[in-house]
Amino acid sequence: MVAIAYSVAFEGIEARLVEVQCSVAAGLPGFSIVGLPDKAVSEARERVKAAFGAMSIALPSKRLTLNLSPADLPKEGSHFDLPIALAILAALEIIPKDELARCVCLGELALDGRMVAVAGALPAAMAAAEDDRALICPRPCGAEAAWVQAVPVFAPATLREAVDHLTDRAPLTPAQPGVAEAPARLGCLSEVKGQERAKRALEIAAAGRHHLLMVGPPGAGKSMLAARLPGLMPPLTPIEALETSMIHSLAGTLEDGGISRSAPFCEPHHTASMAAIVGGGRGAKPGQISLAHNGVLFMDEFPEFPRQVLETLRQPIETGEVVVARANAHVRYPCRFLLIAAANPCRCGHLADPALACARAPNCGSDYMGKISGPLMDRFDLRLEVPAVSFLELDLPSTGESSAMIAERVAAARQVQAQRFADHPRARVNADASGSLLEQIAAPDAEGRALIVKASEKLGLTARGYHRILRTARTIADLDGATDIRAPHLAEAISYRLPFVAGG
């Protein structure tokens with residue numbers, strides 16, 4: 001006799017349906033799992049046996065064979081415990097086979113039969129909805145999976161509750177979506193004294209998702225400015241929130257099962273490995289650039305990151321996705337993030353101060369900023385120097401605009417872009433525009449064209465730099481409420497492309 005349960009295997013943010021086939025046949029007693037299981041799946045034998053013992057269920061003296069189909073797809077993770085246990089119970093005619101076949105199951109079993117939370121419940125719910133099946137998952141995962149309202153989600157706390165539900169002894173009520181609290185943000189932009197040009201650059205970056213590089217001495221407020229950028233970002237759209245939450249679900253970082261509408265903010269340390277930043281490792285998990293999808297990736301001490309890590313960012317910045325290729329995995333993750341990088345002008349950080357600079361100035365600045373390659377530097381739409389704040393400015397009262405006031409202008413500019421790109425399949429903000437679409441939305445007038453041609457000759461702009469100026473100017477015009485790009489918009493955009501004195 002053969003019974004079938006359904007589960008999922010993850011490939012990137014996609015969940016592929018897997019048949020868990022259980023055969024009970026005469027022969028020497030045994031319990032084998034086939035179909036490319038990893039160590040965690042193979043160890044399910046002992047967890048399932050112990051869970052059955054806690055329920056006073058004895059396995060028959062027959063040969064049990066579990067096949068995970070398709071057999072050529074690698075199966076990783078402890079979430080196969082529940083479908084394996086339910087497939088065995090269906091083969092033993094303890095639960096009805098037809099009821100089990102209408103469900104997708106995932107969950108780890110404790111030795112006493114409790115169900116333990118696993119990662120990936122949200123993508124699993126999406127896969128169940130596409131195949132028109134219900135989802136059974138551990139209770140801690142129910143609030144997360146219930147956001148996919150096209151599928152009924154049942155979240156038992158123990159294996160016994162799952163069995164009682166499938167046998168109709170004690171049907172479970174569908175789980176309800178969880179509500180995530182908005183993360184606490186660090187202060188208001190008005191608390192940052194001085195740095196008006198940097199605040200304006202943050203507003204432009206937030207409005208059009210333009211990558212920003214800030215260079216300045218220690219204590220100039222670069223980290224303080226970056227920490228306040230999420231307060232300027234508009235709430236995620238429902239589609240963006242779902243995309244971002246699916247990545248966080250796979251990484252197991254969703255809290256209380258809630259989907260947050262706030263843009264994520266990731267700030268990896270400069271000692272982080274390539275797998276931590278880009279993705280990879282065991283199971284080719286998403287990295288920080290994917291966890292920052294639709295949000296902000298802040299990289300402080302930018303030149304201190306390993307050169308290999310920095311150069312790997314070049315393609316994701318352009319394409320908005322990263323491919324993690326391993327011997328047994330080849331997965332693709334979205335990563336449309338807003339990169340905010342901060343750096344000191346040199347290793348000691350005091351290049352511009354003759355009294356504090358080291359004896360190697362100014363060559364130390366060229367060497368230090370030279371760790372950022374030209375092609376990577378060219379991918380920053382906005383590059384500005386953040387000077388040190390004087391003590392006189394620190395004593396003055398705060399007079400700048402609040403984050404809420406700036407966020408209103410950013411939200412209005414984002415609304416204009418949403419209408420502009422409503423019919424475009426990939427572009428959502430001005431930073432996504434390229435080719436004929438960019439020529440259509442960011443064509444300068446005669447005065448502006450003459451200005452940008454002159455700037456190209458003076459600054460030696462590449463084709464990428466020219467297009468990034470047009471995108472930035474389009475965002476500045478949107479913030480200004482202008483339908484066309486004029487010379488002042490281009491002039492401000494060009495001012496953020498000036499090379500650094502330190503050789504950047």
Side-chain angles (χ1 to χ4, degrees), residues 1-8 15 17-24 31 44 47-60 62 64-69 78-118 120-122 124-178 257:
M1 60 190 77
V2 176
I4 297 176
Y6 291 91
S7 190
V8 292
L17 216 61
V18 172
E19 282 191 5
V20 180
Q21 306 162 354
C22 177
S23 170
V24 180
F31 189 155
R47 292 191 291 269
V48 170
K49 288 179 182 178
F52 281 178
M55 295 176 61
S56 301
I57 297 176
L59 291 176
K62 295 185 178 182
L64 296 178
T65 303
L66 277 297
N67 178 43
L68 310 180
S69 176
S78 59
H79 65 274
F80 286 99
D81 289 6
L82 180 62
I84 287 174
L86 294 179
I88 294 173
L89 294 176
L92 298 177
E93 298 183 349
I94 295 177
I95 60 176
K97 297 180 182 179
D98 55 344
E99 287 294 328
L100 180 60
R102 286 197 283 267
C103 301
V104 173
C105 314
L106 77 165
E108 178 184 332
L109 292 178
L111 299 184
D112 58 358
R114 288 179 296 108
M115 289 174 59
V116 182
V118 293
L122 188 57
M126 297 287 289
E130 291 175 1
D131 209 50
D132 197 24
R133 301 178 192 273
L135 179 72
I136 299 178
C137 63
R139 180 162 294 173
C141 302
E144 168 190 339
W147 279 97
V148 183
Q149 299 186 3
V151 57
V153 176
F154 302 101
T158 63
L159 178 60
R160 183 178 296 277
E161 287 187 14
V163 172
D164 290 344
H165 171 74
L166 290 170
T167 55
D168 211 25
R169 289 194 189 94
L172 297 169
T173 57
Q176 298 300 315

On a heavy-atom basis, which atom in [X] and which in [Y] lie closest, and how many Å separate them?
X      : Y      : value
Ala155 : Arg139 : O-NE, 3.4 Å
Leu106 : Pro83  : CA-CD, 4.2 Å
Trp147 : Leu122 : CB-CD1, 4.5 Å
Tyr6   : Cys103 : CB-O, 3.5 Å
Glu144 : Gly120 : OE2-C, 4.5 Å
Ala91  : Ala3   : N-CB, 3.4 Å

Spell out, as yes or no, whether a donor-acceptor pair under 3.5 Å connects the side chain of [X] to the backbone of [Y].
X      : Y      : result
His79  : Ser7   : no
Arg114 : Ala157 : no
Ser23  : Val2   : no
Asp81  : Leu109 : yes

Item to check | Check against side-chain contact (heavy atoms from CB on, under 4.5 Å), Leu159 and Leu82 | outcome: CA-CA 8 Å; Leu159 178 60; Leu82 180 62; 3.8 Å; yes

Item to check | Within 6.0 Å of CG in Asp132, more than 12 heavy atoms from elsewhere | outcome: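 Incorrect, the count does not exceed 12.
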
Next on the checklist: Just checking Lys97: does its NZ atom have more than 12 heavy atoms from other residues, nucleotides or ligands closer to it than 6.0 angstrom?
Outcome noted: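 Correct, the count exceeds 12.
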
Nearest-0.5 Å distance that lies between atom [atom1] in [X] and atom [atom2] in [Y]:
X      : Y      : atom1 : atom2 : answer
Asp131 : Arg102 : CG    : CZ    : 13.5 Å
Leu100 : Cys105 : CG    : SG    : 5.5 Å
Ile84  : Arg47  : CD1   : CZ    : 8.5 Å
Asp112 : Thr158 : CG    : OG1   : 9.0 Å
Ser56  : Arg160 : OG    : CZ    : 7.0 Å
Asn67  : Cys22  : CG    : SG    : 10.5 Å

State, with a plain yes or no, whether a side-chain heavy atom of [X] is found less than 4.5 Å away from one of [Y].
X      : Y      : value
Leu166 : Phe154 : no
Cys141 : Met115 : no
His165 : Pro156 : no
Glu99  : Asp168 : no
Pro138 : Val116 : no
Phe80  : Leu66  : no
Val104 : Ile136 : no

Next on the checklist: Going by salt bridge (charged side-chain N to carboxylate O under 4.0 Å, His left out), name the residues that satisfy it together with Glu93, two or more places apart in sequence or in a different chain.
Outcome noted: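 Glu93 satisfies salt bridge (charged side-chain N to carboxylate O under 4.0 Å, His left out) with no other residue.
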
Checklist entry - Quick one: which of Ser78, Pro140, Cys137 gives a side chain to side chain contact (heavy atoms under 4.5 Å, CB included) with Val118? => result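 Between Val118 and the candidates, side chain to side chain contact (heavy atoms under 4.5 Å, CB included) is satisfied uniquely by Ser78.
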
Next on the checklist: Consider side chain to side chain contact (heavy atoms under 4.5 Å, CB included). Of Thr167, Leu89, Ile88, Leu86, which one does Ile94 pass it with?
Outcome noted: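 Output: one option passes, namely Leu89.
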
